[in-house]
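Order of the sequence lines sets the chain letters (A, B, ...), proteins ahead of strands, with each chain counted from 1. Owing to the predicted nature of the structure, the values given are computational and were not obtained by experimental measurement.
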Amino acid sequence: MSTAEAAQQVTDAVNPVGQHAVAHRGERPAEPLIFEKHTPGVAGVDLPALDVPEAALPDALVGDAPDLPEVGQLDVVRHYTHLAHRNFSVDDHFYPLGSCTMKYNPKINEAAAAMPGVAHLHPLADDVDAQGALKLLHEVQSYLGEVAGLDAVSIQPCAGAHGEWTALKVIRAYFNDPEGGNAPQRRTVLAPDTAHGTNFASCTMCGAGVVQIKSKDGMVDMDALRAAVNDETAALMITNPNTAGLFDGQIMEIAEILHDAGALLYLDGANMNAILGVARPGDFGVDVMHYNTHKTFSTPHGCGGPGAGPIAVRDFLAPYLPVPEVTKTGDTYALSWDKPKSIGKVRSFVGQIGVLVRAWTYIRACGPDGLKNVSETAVLNANYLAAKLRDRYTTPYFDPAAKRFCAHEFITVPRALLDKGIALVDIAKRMIDYGVHPPTMHWPVHDCLMIEPTETESLSTLNKFVSVMLRIADEIDAGSGDVPAAPQHADVARMDEVGAARTPVLTHPKG
Amino acid sequence: MSAPSECRYLDSHEWHRPEGNVVTIGITRYAVDELTDVTYVELPSVGADVSAGESMGEIESVKATSDIYPGVSGKIIEINEALADNPGLLNDDPFGTGWLVKIEMSDASQLDKLMDADAYEKKYPSS
């Protein structure tokens with residue numbers, strides 16, 4: 001049996017839907033760029049003859065047309081269909097991309113979002129004509145508040161990072177308010193060195209200085225935190241469970257340090273998938289947090305949108321939340337603008353309704369017990385994989401004998417394998433040959449793989465993944481050339497990442 | 001031995017080459033090998049005050065982004081402008097043309113706390 005056949009056999013075994021993970025290289029032709037399909041004079045649609053008087057365009061709209069390719073409608077459809085066939089998605093493969101929570105999104109979410117009452121709702125419809133949608137949004141606010149253990153929710157922010165920025169604006173408005181926090185000098189935000197890059201970016205966008213807090217054994221270094229907190233501290237932004245996949249058990253003490261100093265505790269809710277129905281951030285001292293609905297509540301992951309990053313806050317921060325809010329009086333729902341201390345509007349209309357409908361559907365379909373089961377299973381799956389792999393793939397923070405477990409994800413630094421002259425990227429690329437999406441790499445620590453199976457994977461899929469990883473370890477031990485040469489089953493192998501970063505080519509001529 | 005003997009070193013892999021009251025800072029071959037191909041370098045502005053142990057910039061590679069820490073406090077008097085167009089200088093010549101910044105030290109005795117080349121080489125042997 002050739003190596004390619006052997007790999008294919010494992011690929012077939014691993015892939016739960018029985019399709020080949022990816023074509024053998026060269027099996028299908030490279031798809032040209034849409035710009036290379038340009039034929040002068042070809043159009044996607046024929047417009048009808050002008051049957052109204054011609055009017056001059058406003059000056060602002062006159063100029064050179066964008067230099068777009070001219071391609072027939074069917075050719076455009078085929079182009080994007082070809083590309084879609086090459087997509088690697090959780091709907092056809094295991095996708096343990098740590099930190100991203102690539103869970104399966106139930107299709108009922110799509111059915112709900114496509115209902116005409118939602119999909120065709122005009123964003124400027126009068127409240128009286130949109131009672132159903134407003135009721136749904138009001139329920140989203142209330143569910144997210146309940147899961148957080150916090151008092152008020154804004155559904156406007158349209159991404160996790162947008163939620164961070166909105167929450168920071170709310171914190172600033174609170175401290176600037178003489179009747180509120182009354183401490184305008186509090187303009188520094190603390191963040192652990194394992195924080196998501198967006199935390200630092202959001203602070204900078206908000207005009208806040210950021211001070212990094214060092215970690216110790218993957219957790220916040222309490223001495224460093226105590227030394228950093230002072231009367232200019234506005235908040236600590238913490239991700240818990242953190243980016244190393246660990247629940248920081250010091251969180252109550254951390255909250256106390258912040259609160260004693262007059263500062264607030266902000267939770268980056270990126271890893272809420274690990275604690276739904278198990279722990280409420282409000283109960284462990286959090287004053288303000290954001291959700292990433294695409295991670296926690298099974299809405300689409302979309303490379304920047306459309307998304308939703310709702311925020312939840314304690315009652316004393318509620319007056320500063322964005323307007324409009326969805327309110328309920330008796331049985332009537334309305335968009336309320338009556339909030340004099342609000343930071344204003346942060347998104348057109350009331351937010352990304354289509355995404356929030358999906359989150360609502362997921363929450364309702366799971367119910368309270370179901371949501372708890374989501375987190376328990378996500379954590380169980382991650383611990384199961386860590387336990388199965390740790391003999392070959394060292395887990396610096398996971399050690400059952402020492403009662404050190406992980407939350408919904410874990411990191412491995414496979415030092416023994418790397419010492420055989422293999423690069424981390426070789427292992428990742430070899431996973432593609434076996435039909436598995438490579439995990440997050442080199443973050444939050446060097447030379448690590450961050451593996452997050454999520455709750456939606458079956459025991460059978462997890463076991464197949466373990467067999468793939470052990471097989472790759474065996475290949476490395478045997479000095480197999482297949483690992484450094486991977487992937488052999490993808491249309492393209494190794495991109496010129498250095499060239500792309502140093503000398504990017506961002507335009508392409510037509511034809 | 002690849003770590004120059006006239007330099008002082010940090011565990012975060014910055015080298016410090018003193019000349020009078022001015023110190024030139026870069027990152028070591030060991031650090032560059034860990035980072036692999038550098039794609040972007042963010043340096044502080046000339047005139048900026050920096051403090052020992054506090055991040056003053058970032059190095060981005062195809063593999064990771066790392067902070068740059070000075071081992072001494074002082075004022076930035078020069079930065080390596082060539083890195084903006086050619087970050088690969090760091091890979092080609094980390095102890096030479098790939099230098100990062102020059103700092104006018106406020107307290108040159110801070111250098112004494114840093115590792116010498118022997119200690120650094122022993123702790124982080126270059127391949």
Tell me, with the steps shown, if A:Leu424 and B:Lys63 meet side-chain contact (heavy atoms from CB on, under 4.5 Å).
CA-CA 10 Å; A:Leu424 195 69; B:Lys63 192 165 133 181; over 6 Å; no
At a 4.5 Å cut-off on heavy atoms, which part of B:Asp85 comes close to chain A: side chain, backbone, both, or neither?
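For B:Asp85, no heavy atom lies under 4.5 Å from chain A.
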Has A:Arg502 got a side-chain atom pairing as donor or acceptor with B:Val38's backbone, closer than 3.5 angstrom?
yes
Are there over 12 heavy-atom neighbours, none belonging to A:Lys214, within less than 6.0 Å of that residue's NZ?
no
Does A:Met205 CE have over 12 foreign heavy atoms under 6.0 Å away?
no
Apply side-chain contact (heavy atoms from CB on, under 4.5 Å) to A:Val211 and B:Glu54, showing your working.
CA-CA 9 Å; A:Val211 173; B:Glu54 282 181 25; over 6 Å; no
Is there a side-chain contact between A:His446 and B:Leu35 (heavy atoms, below 4.5 Å)?
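Yes; the side chains approach each other to less than 4.5 Å.
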Once rounded to the nearest 0.5 Å, what's the spacing between atom CG of B:Asp37 and atom CG of A:Asp496?
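Nearest 0.5 Å value for the CG-CG distance: 9.0 Å.
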Please round to the nearest 0.5 Å and tell me the distance separating atom OG1 of B:Thr36 and atom CD of A:Glu497.
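Spacing of OG1 (B:Thr36) from CD (A:Glu497) equals 8.5 Å.
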